[in-house]
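As structure tokens, the structure follows; a few thoughts come after it.
In this chain, numbering begins with 1 at the start of the sequence shown. All heavy atoms count here, side chains included; hydrogens, waters and symmetry mates do not.
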Amino acid sequence: SGGTVPRRRPPPSDMGRGLTLLLLPLALLVAPAQAEGGRAAEEEVKIEVLHLPEACSPKSKKGDLLNAHYDGFLASDGSKFYCSRTQNEGHPKWFVLGVGQVIKGLDIAMMNMCPGEKRKVIIPPSLAYGQQGYAQGKIPPNATLIFEIELYAVNKGPRSVEAFNQIDKDSDKKLSELEISQYLKEEFARDGKKRHPSVHDEILADIFKKNDHDGDGFISAKEYNVYQHDEL
């Protein structure tokens, strides 16, 4: 199913930044599945670059972990239906690009962006909520959407080869409980937040529950690389 912006479940505040989300379900931008059906050839995402930094690197690609703020408007009357700055204490949003965590139009609109870049994008209904609309998000049927986006960070995705190898200390192509436990300790130490010891144990248990599909006590490269954007 597709994802979107208006209804979301933010990541636990304890998770901190970036790669700490590596093994947790990235259900940041969840919404009903988009309506099926072809789209007219002329219906495409229109992109206007409002600001482009002199140093434009790295550019975003499928599977990258992005951090951004965005406002959403209805093209019909200009009314704002979403503002990320008023959600989750105003923190910019983390999501993985190109894997359906946002509506398809945003996955397209945010490709090849660099940190600091600002864009205004127009997304047709076929790449947003189609004929059904999204009543809970106050988006009517057949609505063209406008987003103003400011991208802050482009990181290697949480399911990348680099992230896997960083955790896989013995290079046996599978992640043990000890390896993931050590990684969590390093991430927690890096952001410096005070946590009850039980938080570490709860996250570790949740990681294995959601990722160790064959129950062998290890997370294999295949189990880890859910987005299939790299070869492991």
Side-chain angles (χ1 to χ4, degrees), residues 1-8 10 26 28-88 90-155 157 227 229:
S1 67
T4 188
V5 175
R7 195 181 80 197
R8 65 180 348 105
L26 283 153
L28 304 184
L29 311 167
V30 179
Q34 300 169 55
E36 294 298 323
R39 63 190 178 98
E42 70 273 18
E43 285 204 329
E44 59 184 16
V45 176
K46 295 175 181 172
I47 299 172
E48 178 186 356
V49 177
L50 302 178
H51 174 71
L52 187 67
E54 286 186 23
C56 183
S57 179
K59 289 192 174 184
S60 60
K61 64 184 185 304
K62 181 180 178 181
D64 282 345
L65 183 66
L66 306 187
N67 187 233
H69 264 315
Y70 33 80
D71 294 331
F73 306 86
L74 297 179
S76 56
D77 60 7
S79 61
K80 183 183 289 189
F81 64 83
Y82 183 77
C83 175
S84 65
R85 290 173 175 84
T86 62
Q87 303 286 324
N88 192 30
H91 296 304
K93 308 308 168 194
W94 290 102
F95 65 95
V96 178
L97 183 65
V99 298
Q101 288 187 348
V102 291
I103 55 174
K104 188 164 186 178
L106 278 177
D107 267 340
I108 293 169
M110 297 185 68
M111 290 286 183
N112 296 310
M113 279 187 85
C114 54
E117 184 173 344
K118 296 179 184 179
R119 290 182 178 181
K120 179 179 179 180
V121 303
I122 301 174
I123 299 174
S126 60
L127 296 174
Y129 294 96
Q131 297 177 2
Q132 294 180 336
Y134 181 38
Q136 189 172 340
K138 299 181 179 178
I139 298 171
N142 299 309
T144 296
L145 307 181
I146 298 172
F147 283 92
E148 292 181 357
I149 306 163
E150 181 173 5
L151 183 61
Y152 293 103
V154 177
N155 290 342
Y227 301 133
H229 60 80

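The main-chain N or O of Gly100 is found under 3.5 Å from a side-chain atom of Asp107 such that the two form a donor-acceptor pair. In terms of modelled atom types and a separation under 3.5 Å, the side chain of Arg119 and the main chain of Ala109 share a donor-acceptor contact. Judged by distance alone, the side chain of Glu43 and the main-chain N or O of Pro124 form no donor-acceptor pair under 3.5 Å. No donor-acceptor distance shorter than 3.5 angstrom exists from the side chain of Ser84 to the backbone of Gly90, with no hydrogens or angles considered.
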Identify all side-chain donor-acceptor contacts of residues 137-151 below 3.5 Å with residues at least two apart in sequence or on another chain.
unit_1: Glu150; atom_1: OE1; unit_2: Arg85; atom_2: NH2; d: 3.3
unit_1: Glu150; atom_1: OE1; unit_2: Tyr152; atom_2: OH; d: 3.3

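Here the shortest heavy-atom pairing between Gly116 and Pro53 reads C-CG, 3.6 Å. Pairing each heavy atom of Ile123 with each of Gly105, the nearest pair is CD1-C, 3.6 Å. Pairing each heavy atom of Pro115 with each of Ser57, the nearest pair is CD-O, 3.9 Å.
When each of Val96, Asn67, Leu65, Leu66 is paired with Asn155, the side-chain contact (heavy atoms from CB on, under 4.5 Å) condition holds for Leu65 and for no other.
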Step-by-step side chain to side chain contact (heavy atoms under 4.5 Å, CB included) determination, Lys80 to Asp71: CA-CA 7 Å; Lys80 183 183 289 189; Asp71 294 331; 3.8 Å; yes
Apply side chain to side chain contact (heavy atoms under 4.5 Å, CB included) to the pair Met111 and Leu97, showing each step before the final yes or no. CA-CA 8 Å; Met111 290 286 183; Leu97 183 65; 3.6 Å; yes
What's the verdict on side chain to side chain contact (heavy atoms under 4.5 Å, CB included) for Phe73 and Tyr82, showing C-alpha distance, side-chain angles and the deciding distance? CA-CA 7 Å; Phe73 306 86; Tyr82 183 77; over 6 Å; no
Tell me, with the steps shown, if Val45 and Leu127 meet side chain to side chain contact (heavy atoms under 4.5 Å, CB included). CA-CA 8 Å; Val45 176; Leu127 296 174; 3.7 Å; yes
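In this structure, the side-chain contact (heavy atoms from CB on, under 4.5 Å) partners of Ser79, at least two apart in sequence or on a different chain, are Leu74, Asp77. Residues passing the salt bridge (charged side-chain N to carboxylate O under 4.0 Å, His left out) test with Lys61 are Asp64, sequence neighbours excluded. Legend: residues meeting side-chain contact (heavy atoms from CB on, under 4.5 Å) with Leu52, ordered by chain and number and at least two apart, are Val49, Cys56, Cys114, Glu117.
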